[in-house]
Participant: 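I am attaching a structure below and will ask some questions about it afterwards.
Numbering starts at 1 and runs along the sequence shown.
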Amino acid sequence: MPESSTETRLSLFSFGGLCREQAEPVARAARVSSSGPHPLVVHVNELLHQFKAPGGYGRVDPFTPLPERVQLVACARYEGRGKLLKKCRYKSPVEAGREISHYEGRYAVRIVEARTGRQLATHRMSARTSATCTPYVKRGADAHQVDPPGDAALRKFLGPYARGEKP
């Protein structure tokens, strides 16, 4: 019986099952090459992280691969907040002041082979290492903010895997 068009369509979302407790390999993923770049996809808290890349999908940038080229999946899961990065205090003539505390996020990262589901490595990483106060904030209660890792942090942390320096 032929596969339906939805079963044959591979997308970057197809790799999310590798980040679940019982990893679900993607049999049609690319084989891990012995050398050179290892195109990878990143899921943070089981949500696809889309890297900003000039010109859309890149055939050169391993962080913005076409789905059929993905070899590795990085699964980042929030574990808790780290050190305080910045306290932002807002004052308004209409309401009493508001304070938002920005904290460093701590994440556990697993590197998995997309085709087999084999775990290659586990690491811990800190997300953002700095925070900025926005000029305006909506009304509300004081808050604690923990931002997920951004493009720069993930590229730096996962760079050795993407470049093929690590299996």
Participant: So how far is it from Leu12 CG to His43 NE2, rounded to the nearest 0.5 Å?
Facilitator: 7.5 Å
Participant: What I'd like to find out is whether the side chain of Phe63 reaches to under 4.5 Å of the side chain of Leu154, using heavy atoms alone.
Facilitator: no
Participant: Should the ring pair Tyr107 and Tyr78 be called parallel, tilted or perpendicular, given that the plane angle runs from 0 to 90° and is split at 30 and 60?
Facilitator: perpendicular
Participant: Are the side chain of Asp151 and the backbone N or O of Lys52 linked by a donor-acceptor pair below 3.5 Å?
Facilitator: yes
Participant: When rounded to the nearest 0.5 angstrom, what is the spacing between CG in Leu72 and NE2 in His38?
Facilitator: 6.0 Å
Participant: Just to verify, what does His102 make a ring pair (Phe, Tyr, Trp, His ring centres under 6.0 Å) with, not counting sequence neighbours?
Facilitator: none
Participant: Minimum heavy-atom separation for Pro149 to Met125, with atom names?
Facilitator: CB-CE, 4.1 Å
Participant: Do the side chain of Tyr90 and the main chain of Thr134 share a donor and acceptor less than 3.5 angstrom apart?
Facilitator: yes
Participant: Indicate every side-chain donor-acceptor pair of residues 17-26 with a distance under 3.5 Å to a residue at least two apart or in another chain.
Facilitator:
unit_1: Arg20; atom_1: NH1; unit_2: Glu24; atom_2: OE1; d: 3.1
unit_1: Arg20; atom_1: NH1; unit_2: Glu24; atom_2: OE2; d: 3.1

Participant: Between atom CZ of Arg77 and atom CZ of Arg106, what is the distance when rounded to the nearest 0.5 Å?
Facilitator: 15.0 Å
Participant: If you round to the nearest 0.5 Å, how far is CD1 of Ile111 from CG of Leu158?
Facilitator: 5.0 Å
Participant: Rounded to the nearest 0.5 Å, what separation is found between the OG atom of Ser126 and the CZ atom of Arg81?
Facilitator: 14.5 Å
Participant: Could you tell me which non-hydrogen atom of Val112 sits nearest to which non-hydrogen atom of Cys75, and how far apart they are?
Facilitator: CG2-SG, 4.5 Å
Participant: As an exercise, state the distance from CZ of Arg118 to CD of Glu113, rounded to the nearest 0.5 Å.
Facilitator: 5.0 Å
Participant: Could I get the full list of ring pair (Phe, Tyr, Trp, His ring centres under 6.0 Å) partners for Phe13, not counting sequence neighbours?
Facilitator: none
Participant: Return the minimal non-hydrogen interatomic distance between Tyr103 and Gly82, and the atom names on each side.
Facilitator: CD2-O, 3.4 Å
Participant: Would you mind checking if Asp61 and Arg155 are paired as a salt bridge, meaning a charged N to carboxylate O distance below 4.0 Å?
Facilitator: yes
Participant: For Leu85 and Arg128, which heavy atoms make the closest approach, and how far apart are they?
Facilitator: CD1-O, 3.5 Å
Participant: Could you tell me whether the side chain of Arg115 and the main chain of Ala29 form a donor-acceptor pair under 3.5 Å?
Facilitator: yes
Participant: What is the minimum heavy-atom distance between Glu99 and Asp142, and which atoms define it?
Facilitator: N-OD1, 2.9 Å
Participant: Would you name the heavy atoms of Val70 and Phe15 that are closest together and state the gap between them?
Facilitator: CB-CZ, 3.6 Å
